[in-house]
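Everything quoted here is computed from the prediction, not taken from an experiment.
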Amino acid sequence: MNAASIRDDFDQIARLSDGREHDNRYFSLLASFVPRDAKRVLDIGCGLGLLAARLATRDRHITGVDLSPEMIARARKKSTDAGRFLFLCGDFLEQGFTSEQFDCVISAAALHHMPTTIAVPRMMELVRPGGRLIIHDVRRDEGLYDQIRSHFALAQEASLRLLRTGWPRSPRAVRLAWERHCAGEKYLTFREATEMAGRFLPHAALFYHWLWRYTIVWNKPCAA
């Protein structure tokens, strides 16, 4: 899937998401991985800016970047403190960020849209020595064990949504938009994510999640 298709898909999803509940089940976990002393944070694939808002502290500046103009427009509108947020529209790999610019770089559900062999080294480059890279992305089931866990997790999620909203599923238009977007995407299995981390991110910690997600947390070594 090319950048233009991804942008158009998320422009539509942004418009359909106005006034809807959003998937933030992992935001607290991701926020807990961001070091408390991180003052400069880059959020890659920031979408509506909801994770950026969760990461905000009084003395932390967050830069968010996303391909979708509609997503960025909404992120800018929602941000209440222009001094703490900068939202950029465009391809993360084409932004003029400088090496070691950020104390923490975080990417949530965006890596599968990028060439891994280019994107991961670039993310690493942007983290200062002693800083942290957090990659959270969609994973593909592999084998019966994954499939059984996913079915239980999906049933649990439907039950929780029913309690919150009175409906077990999101609105049909939103589901169809996501289905169209996801139809051509390819995700790593947890085993493949582990292999990728071993190749690029030595000594990283990996976390397997229900509902087709994984997280990698890597600390960049301090300069000698």
Side-chain angles (χ1 to χ4, degrees), residues 1-11 13 26 30 33-35 38 40-49 51-52 55 62-72 75 86-140 142 181-209 212-223:
M1 185 176 292
N2 59 41
S5 296
I6 295 169
R7 180 196 62 218
D8 292 345
D9 285 353
F10 279 103
D11 279 350
I13 290 168
Y26 293 113
L30 296 177
F33 288 141
V34 177
R40 301 163 299 166
V41 176
L42 175 63
D43 181 2
I44 299 171
C46 66
L48 297 168
L51 176 58
L55 300 178
I62 299 174
T63 300
V65 59
D66 198 280
L67 282 172
S68 166
E70 295 282 355
M71 290 283 185
I72 288 296
L86 173 64
F87 290 109
L88 304 172
C89 184
D91 188 333
F92 145 69
L93 293 170
E94 296 176 359
Q95 300 297 314
F97 301 129
T98 59
S99 297
E100 302 178 0
Q101 181 175 341
F102 299 98
D103 301 314
C104 182
V105 173
I106 186 167
S107 170
L111 182 63
H112 62 275
H113 292 140
M114 312 174 200
T116 302
T117 56
I118 298 174
V120 174
R122 178 57 173 158
M123 293 178 190
M124 297 169 66
E125 180 185 13
L126 295 178
V127 180
R128 68 161 174 81
R132 178 168 290 177
L133 170 61
I134 303 165
I135 298 174
H136 177 81
D137 205 15
V138 184
R139 63 167 178 80
R140 187 175 80 252
E142 183 178 42
H181 171 71
C182 296
E185 295 195 324
K186 295 182 179 179
Y187 309 118
L188 299 178
T189 65
F190 188 70
R191 175 180 55 82
E192 291 169 338
T194 301
E195 292 171 354
M196 183 268 289
R199 178 180 178 186
F200 294 109
L201 304 164
H203 309 298
L206 282 90
F207 303 87
Y208 174 107
H209 307 301
W212 311 288
R213 296 292 191 276
Y214 68 87
T215 304
I216 301 173
V217 179
W218 176 75
N219 296 320
K220 189 169 187 175
C222 293

remark   = Taken to the nearest 0.5 Å, the spacing of I216 CD1 from I135 CD1 works out to 5.0 Å
message = How close do C222 and G130 get, counting heavy atoms only, and between which atoms?
response = SG-CA, 3.7 Å
query = At what distance, to the nearest 0.5 angstrom, does SG of C46 lie from CD1 of I106?
reply = 11.5 Å
key: Side chain proximity check, E100 to L126, heavy atoms < 4.5 angstrom   = no
message = For a 4.5 angstrom cut-off between non-hydrogen side-chain atoms, does R191 reach R140?
response = no
message = Treating D66 as the side-chain partner and I72 as the backbone partner, does any N or O pair qualify as donor plus acceptor under 3.5 Å?
response = no
key: Smallest separation among heavy atoms of L67 and C89, with atom names   = O-SG, 3.6 Å
inquiry  = Quick one about Y208 and R139 (side-chain donor to acceptor, distance below 3.5 Å, no hydrogens or angles considered), yes or no?
reply    = yes
message = Using 0.5 Å steps for rounding, measure from the CG atom of L111 to the OG1 atom of T116.
response = 4.5 Å
ask   = Going by heavy atoms in the side chains, are C104 and P35 under 4.5 Å from each other?
value = yes
key: Side-chain heavy atoms of V138 within contact of R213, under 4.5 Å   = yes
remark   = What one should report as the nearest heavy-atom pair of S99 and E125 is OG-OE2, 2.7 Å
key: Closest non-hydrogen atom pair between Y214 and M196, with its separation   = OH-CE, 4.3 Å
ask   = With a 4.5 Å heavy-atom cut-off, do E142 and F190 have their side chains touching?
value = no
task = Could you check F33 against F207 for ring pair (Phe, Tyr, Trp, His ring centres under 6.0 Å), going step by step and ending with a plain yes or no?
result = CA-CA 12 Å; F33 288 141; F207 303 87; 5.1 Å; yes
ask   = Counting N and O atoms only, with roles assigned by atom type, does the side chain of E94 sit under 3.5 Å from a partner on the main chain of D91, one being a donor and the other an acceptor?
value = no
task = Output, in order, the C-alpha distance, side-chain angles, deciding distance and verdict of side chain to side chain contact (heavy atoms under 4.5 Å, CB included) for M124 and F200.
result = CA-CA 9 Å; M124 297 169 66; F200 294 109; 4.2 Å; yes
task = State, without any angle test, whether H136 and S107 hold a side-chain donor-acceptor pair at a distance under 3.5 Å.
result = no
task = Please check if the side chain of D137 supplies one atom and the backbone of H112 the other of a donor-acceptor pair under 3.5 Å.
result = yes
request  = Applying side chain to side chain contact (heavy atoms under 4.5 Å, CB included), run through F92 and R122 and close with a yes or a no.
outcome  = CA-CA 9 Å; F92 145 69; R122 178 57 173 158; 3.6 Å; yes
ask   = Where does the angle between the aromatic ring planes of Y26 and H209 fall among parallel (under 30°), tilted (30 to 60°) and perpendicular (over 60°)?
value = tilted
ask   = Taking the side chain from N219 and the backbone from R132, do they hold a donor-acceptor pair closer than 3.5 Å?
value = no
request  = Check the pair T63, R40 against side chain to side chain contact (heavy atoms under 4.5 Å, CB included), reporting the backbone distance first and the verdict last.
outcome  = CA-CA 8 Å; T63 300; R40 301 163 299 166; over 6 Å; no
query = What distance separates I134 CD1 from L51 CG, expressed to the nearest 0.5 Å?
reply = 9.0 Å
message = side chain to side chain contact (heavy atoms under 4.5 Å, CB included) for T117 and R199? Distances and angles first, verdict last.
response = CA-CA 10 Å; T117 56; R199 178 180 178 186; 3.9 Å; yes
Under 3.5 Å: donor-acceptor pair, side chain of K220, backbone of L133 = no
ask   = What is the minimum heavy-atom distance between L206 and A197, and which atoms define it?
value = CD1-CB, 3.9 Å
message = With a 3.5 Å distance limit and no angle check, can you tell me whether R128 reaches the backbone of Q101 through a side-chain donor-acceptor pair?
response = no
query = Which atoms form the tightest heavy-atom contact between A75 and G47, and what is the distance?
reply = CB-O, 3.8 Å
remark   = Distance col, row D43:CG vs F102:CZ, nearest 0.5 angstrom, shows 10.5 Å
query = Measuring from L42:CG to I62:CD1, what's the distance to the nearest 0.5 Å?
reply = 10.5 Å
ask   = Is there a donor-acceptor pair closer than 3.5 Å between any side-chain N or O of W218 and the backbone N or O of A205?
value = no
